[in-house]
Amino acid sequence: MDKVYNFKDKEKEIYKNWEEKGYFKPKIDSKKKPFTIILPPPNASGKMHTGNVLMVAIEDLLVRWHRMKGDPTLWVPGTDHAGTETQITFERELKKQGKSRFNYSREELYQAIWDFVQNNNGQIESQLRQMGASVDWSRYTFTLDDKVITTVNNTFKKMVDEDLVYRGNYMVNYCPKCGTTYADVELKHEERRDPLYYMKYGPFILATVRPETKFGDTAVAVNPKDKRYEEWVGKEIEFDGLNGKVQLKVIADDFVDMEFGTGVVKVTPAHDKNDYEAGLRHNLEVKPVIDLNGKLNEKAGSYAGLSIFEGRKQVVAALKEKGLIDHIDENYVHTVALCKAGHEIEPMVLPNWFIKVDAPHKSFKKPALDAVKSGKVKIFPQWQEITYVRWMEEMRDWPISRQNVWGIRIPVWYSLEKNPTLQVSYLKKDGTRVIRSGEGILKESEFEEAEKGLQKIIAPIECIPEFECSSPTDHYLQETDTFDTWFSSGQWPLVTLGYPDSEDFKYFYPTSVLETGWEIIRLWVSRMVMFGIYLTGEVPFEYVYLHGIVRALDGRKMSKSLGNVINPEDYINEYGVDALRMGLISGTANGKDFAFPKDRVIAYKHFGNKIWNMGRFILMMRDQWGKEISAFTQIDYSSLKNEDKAVLEELARVIKTVDLELEKFRFADASEAIYQFMWHTLADKYIEQVKVREDKNVALAVLQHVYMTSLTLLHPFMPFVTEEIYQKMPGSGESIMIEPWPTLSSQ
RNA sequence: GGGCUCGUAGCUCAGUUGGUUAGAGCGUUGCAUUGACAUUGCAAAGGUCAGAGAUUCGAGUUCUCUCGGGCCCACCA
């Protein structure tokens, strides 16, 4: 053995051997309860980040532990197409080439992104191997595999049949730049300083940051308690606007804050969430003035075609000129909603697909809430449970359609004959882009071109969709929206196991532990519980363990703009996978966020070397004593000295501790226990005692036993170095990863 | 505004139902070591547990308030 453990040479080779021997594949035994984990799929075209490393470290630890305990253990790997994120990345690439998504038909664009993802693919797989992840590669799943699409489509169909899906106008968070909607939870909020315009509206002066939406106003509102404006409530006001006379109703509603501005607000139901809801209460007309490209539409008269920003500038200038601006507060600070890519969100009313989460005939969310409350699903750390419960209690109907191409297309079709008002954009044969109505396409006999060059359908609310998984008959176009990525990933435990009737599904479902970062408890965990119960009647997992976010060395969130992003590769190269895994695990703050524990990574690199050298010491002793005194075979219990008994007792305590802590998901405590024992008890004390012992045959047998048992305990934490040492020790079996887990009775 | 969470050694963090002298890693200081390991060993220094009050025989741990971080959610016309 070398004097120093050289992790670099060995890790790859060791992993290859494990994989070839088939150790990662479970042996199904109907008499035994399986242990199953589904890997939360990392982004297929991405690279491992530090959070992924922690995730893999924890899951591999759990999986190896259970496998060694003899449970039929399955860990299913997979990758995620990451809808919006990937498409944004791809479109950024297109932009560099001077192109945009509008140069492609929907199908071509999908194919181009597919190729793009394939080119960037494989990184995650090789990094999972590098990490030592003992996943069963034969069950690998990608979120756009056919089997996933089939299941997801079937689920949608089932929900349609059970009246749990509807298509409705809805105020959505629309990003004109991305051309897609976002769920509330996907948004970021940022403080901005913007001018607050005090505009004259007939008898009133009211404050707004968005004068350009004035063409969509359908009322002005005051607070019912506001004495100042009492006399106006219910009346109509009339005044000169930029495009002629304007008539607006004055309504009274509690949502108006008397303290803000002048206590009067303009109501624009088409472009503001509050106003939309007020509009529903007061039966106001919804009058959109901004189109899907973020431009003012024909209702804005001479301002039509201008961007929101430019429109605002020109509207303000015109208002000033007409003396309709009372004054401007230039230092108004408010927060604006931003999409994932950082663009400003435009609230819009659009037809979207929704899931009823709490329908009277079938509640989707209630059983999922009860599952956690009743303890059928147990969440660790426990204080995270409240996040889940609150979210489920407050959950509203879930918009599941996205105006993305990169995703699973919603299996719904529109007949052009039946839906003359359908708005379809497509590329003609000659490459020009046209937007035509359903009626227009038929009139021009362009159906084939439209079908082939199809980019996007906007189906006004009166259109009649037909639910099929393939084209019904002639002159049908499929919905161009895709499912929200959480709609499909919410069914991940099902699709990866071959729901509904595969052997795998029958045996391995429900899974044992869902391990992921706490930030997606609402987005993902809740959806999996809902779908699991809805489709199978059973919860998808028994335990949820949520790890904290790994922050940068400075304790702040990692971000490209701060330049403090930690690249796990660097640490793997410098300290080895074992050290990185163990460092992260021992540095985790039990589910709380924590700064990247660099010190611990270094400490565990040293630890790897320490146990390596303990192995060398034992081999050296063997050379010296082994032949003469037949040590290292069996412990002679009748001749044990107190120090032998002490170390054996201590070992038994460590075995107990490790099991106990792992059962409680207290990974750091478990790793710490082994570390302290091996280094400061076994190496520092016991080995020193062995060196001066007369009865080497007794002591060396104890030493070898305690050492090998500790190595076995350590293996799920530091798989590579333990395997490498194991292979060097005489009397070893095939691999340490198939050694039986140490128990108290075996001591 | 609602909620969660944290404040313990120079730094990163443990401290689980309240119970001897408050722990670990890294760092610091001193000494040692030529055959397992300098990626070492032995030892030491370093903490009024953010502050104040309450409960208790006993509080880092429970409760209240104050101060100071971090995060989540909602709203902001």
Side-chain angles (χ1 to χ4, degrees), chain A residues 1-5 184-185 187 189 191-192 194 196-199 206-211 213-214 217 220-221 255-257 259-268 271-275 278 332-337 347 381-387 389-391 394 518-519 521-522 548-549 551 553-557 575-576 579 582-583 586-621 623-624 660-661 664-666 668-669 671-673 675-676 679-680 683-685 687-688 690-691:
Chain A
M1 271 170 99
D2 298 336
K3 202 166 177 182
V4 171
Y5 170 57
D184 289 347
V185 283
L187 301 182
H189 297 268
E191 258 195 10
R192 288 274 172 88
D194 279 315
L196 180 64
Y197 303 96
Y198 283 77
M199 317 192 319
L206 56 78
T208 180
V209 286
R210 306 210 47 192
T213 61
K214 70 194 296 309
D217 294 349
V220 294
F255 90 95
V256 182
D257 178 1
E259 307 293 316
F260 187 88
T262 58
V264 186
V265 302
K266 65 193 205 62
V267 185
T268 324
H271 298 292
D272 183 281
K273 213 166 200 170
N274 271 321
D275 293 7
Y332 176 60
V333 176
H334 65 144
T335 52
V336 293
Q382 217 207 332
W383 54 266
Q384 288 284 10
E385 194 179 299
I386 199 163
T387 314
V389 169
R390 284 266 154 72
W391 163 251
E394 288 164 14
W518 58 259
E519 79 274 17
I521 184 168
R522 295 188 312 278
I549 312 290
R551 300 227 201 88
L553 290 169
D554 57 12
R556 292 195 289 179
K557 233 173 147 167
Y575 305 106
M582 192 64 161
S586 75
T588 54
N590 293 316
K592 284 171 294 202
D593 295 353
F594 61 104
F596 184 84
K598 185 178 176 182
D599 289 343
R600 281 181 189 271
V601 176
I602 297 170
Y604 278 103
K605 191 202 171 201
H606 294 177
F607 181 59
N609 190 61
K610 186 75 187 178
I611 61 171
W612 176 261
N613 275 290
M614 289 161 76
R616 286 182 67 210
F617 176 75
I618 291 175
L619 288 181
M620 193 188 82
M621 285 286 141
D623 283 347
Q624 207 170 332
L660 229 56
E661 300 297 359
K664 290 190 287 185
F665 298 96
R666 308 263 318 177
D669 295 336
S671 65
E672 195 70 7
Y675 176 91
Q676 291 299 333
W679 197 317
H680 298 302
D684 289 350
K685 295 205 182 75
I687 285 187
E688 293 308 314
V690 169
K691 284 178 183 170

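Order of the sequence lines sets the chain letters (A, B, ...), proteins ahead of strands, with each chain counted from 1. All values below were derived from every heavy atom in this structure, side-chain atoms included, with hydrogens, water molecules and symmetry-related copies excluded.
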Rounded to the nearest angstrom, tell me the gap between atom [atom1] in [X] and atom [atom2] in [N].
X      : N      : atom1 : atom2 : answer
A/F596 : B/rC13 : CZ    : P     : 13 Å
A/I618 : B/rC37 : CD1   : P     : 14 Å
A/R616 : B/rU39 : CZ    : P     : 14 Å
A/R390 : B/rU5  : CZ    : P     : 10 Å
A/E394 : B/rC73 : CD    : C1'   : 8 Å
A/R210 : B/rA77 : CZ    : P     : 10 Å
A/K3   : B/rC37 : NZ    : P     : 5 Å
A/D593 : B/rC13 : CG    : C1'   : 14 Å

Under 4.0 Å from OP1 or OP2 of [N]: is there any side-chain N or O of [X] that close?
X      : N      : result
A/K592 : B/rC4  : no
A/R666 : B/rG15 : yes
A/K266 : B/rA77 : no
A/R522 : B/rC73 : yes

Could you tell me whether [X] contacts a base, only the sugar-phosphate backbone, or nothing, with contacts defined as non-hydrogen atoms closer than 4.0 Å?
X      : result
A/W383 : sugar-phosphate
A/V267 : nothing
A/L619 : nothing
A/A683 : base
A/M614 : base
A/Y197 : nothing

Quick check for you: among [options], whose closest atom lies nearest to any side-chain atom of [X]?
X      : options                : answer
A/V4   : B/rU5, B/rU39, B/rC37  : B/rU39
A/D669 : B/rC71, B/rA36, B/rU16 : B/rU16
A/D684 : B/rA14, B/rC42, B/rU39 : B/rC42

Inter-nucleotide [atom1] distance ([N], [M]), Å rounded:
N      : M      : atom1 : result
B/rG51 : B/rC67 : C1'   : 7 Å
B/rG3  : B/rA45 : C1'   : 43 Å
B/rU56 : B/rG19 : C1'   : 12 Å
B/rA14 : B/rA9  : P     : 12 Å
B/rC49 : B/rG15 : C1'   : 11 Å
B/rU16 : B/rA54 : P     : 25 Å
B/rU39 : B/rA22 : P     : 34 Å
B/rC65 : B/rC57 : C1'   : 26 Å

Please find the pair of heavy atoms, one from [X] and one from [Y], that lie closest to each other, and give the distance.
X      : Y      : result
A/V256 : A/V265 : CG2-CG2, 4.0 Å
A/S586 : A/S671 : CB-OG, 3.4 Å
A/A603 : A/W679 : O-CZ3, 4.5 Å
A/Q384 : A/I521 : O-CD1, 3.8 Å
A/P597 : A/G583 : CG-O, 3.5 Å

What does the list of N/O pairs under 3.5 Å between the protein and nucleotides 25-29 of chain B look like, with a distance for each?
| residue | atom | partner | partner atom | Å |
| --- | --- | --- | --- | --- |
| B/rG25 | OP1 | A/H680 | NE2 | 3.4 |
| B/rG25 | N2 | A/D599 | OD2 | 3.3 |
| B/rC26 | O2' | A/D599 | OD1 | 3.2 |

Exercise for the section: Flag the pair A/E672 and A/R600 as a salt bridge only when some basic side-chain nitrogen lies within less than 4.0 angstrom of an acidic carboxylate oxygen. Expected result: yes

Exercise for the section: Go through the steps to decide whether A/K266 and A/T213 satisfy the test side-chain contact (heavy atoms from CB on, under 4.5 Å), and finish with yes or no. Expected result: CA-CA 10 Å; A/K266 65 193 205 62; A/T213 61; 2.7 Å; yes

Practice task
Without swapping roles, check the side chain of A/N609 against the backbone of A/V4 for a donor-acceptor pair under 3.5 Å.
Solution key: no

Fill in the blank from the handout: By nearest-heavy-atom nucleotide on RNA chain B, the more 5' of A/I386 and A/G615 is A/I386

Exercise for the section: Let me know, please, whether A/V209 or A/K557 comes out on the 5' side of the other along RNA chain B by nearest nucleotide. Expected result: A/K557

Problem - pair A/W518-A/T387: side-chain heavy atoms closer than 4.5 Å - result: no

Exercise for the section: Decide yes or no, distance alone: a donor-acceptor N/O pair under 3.5 angstrom between the base of B/rC37 and the side-chain of A/K610. Expected result: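 It does, because a donor-acceptor pair links the side chain of A/K610 to the base of B/rC37 below 3.5 Å.
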
Exercise for the section: Record whether the side chain of A/K691 comes under 3.5 Å of the base of B/rA36 through a donor-acceptor pair of N or O atoms. Expected result: yes

Practice task
Check the pair A/V267, A/D275 against side-chain contact (heavy atoms from CB on, under 4.5 Å), reporting the backbone distance first and the verdict last.
Solution key: CA-CA 5 Å; A/V267 185; A/D275 293 7; 3.8 Å; yes

Exercise for the section: Flag yes if more than 12 heavy atoms outside A/E688 fall under 6.0 Å of its CD atom; otherwise flag no. Expected result: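 Result for CD/A/E688: enclosed.
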
Problem - Watson-Crick or G-U pairs under 3.5 Å in RNA chain B, rendered as dot-bracket with [ ] for crossing pairs and | for another strand - result: (((((((..((((.....[...)))).((((((....).))))).....(((((..]....))))))))))))....

Problem - Centroid separation A/Y604 to A/Y575 less than 6.0 Å - result: no

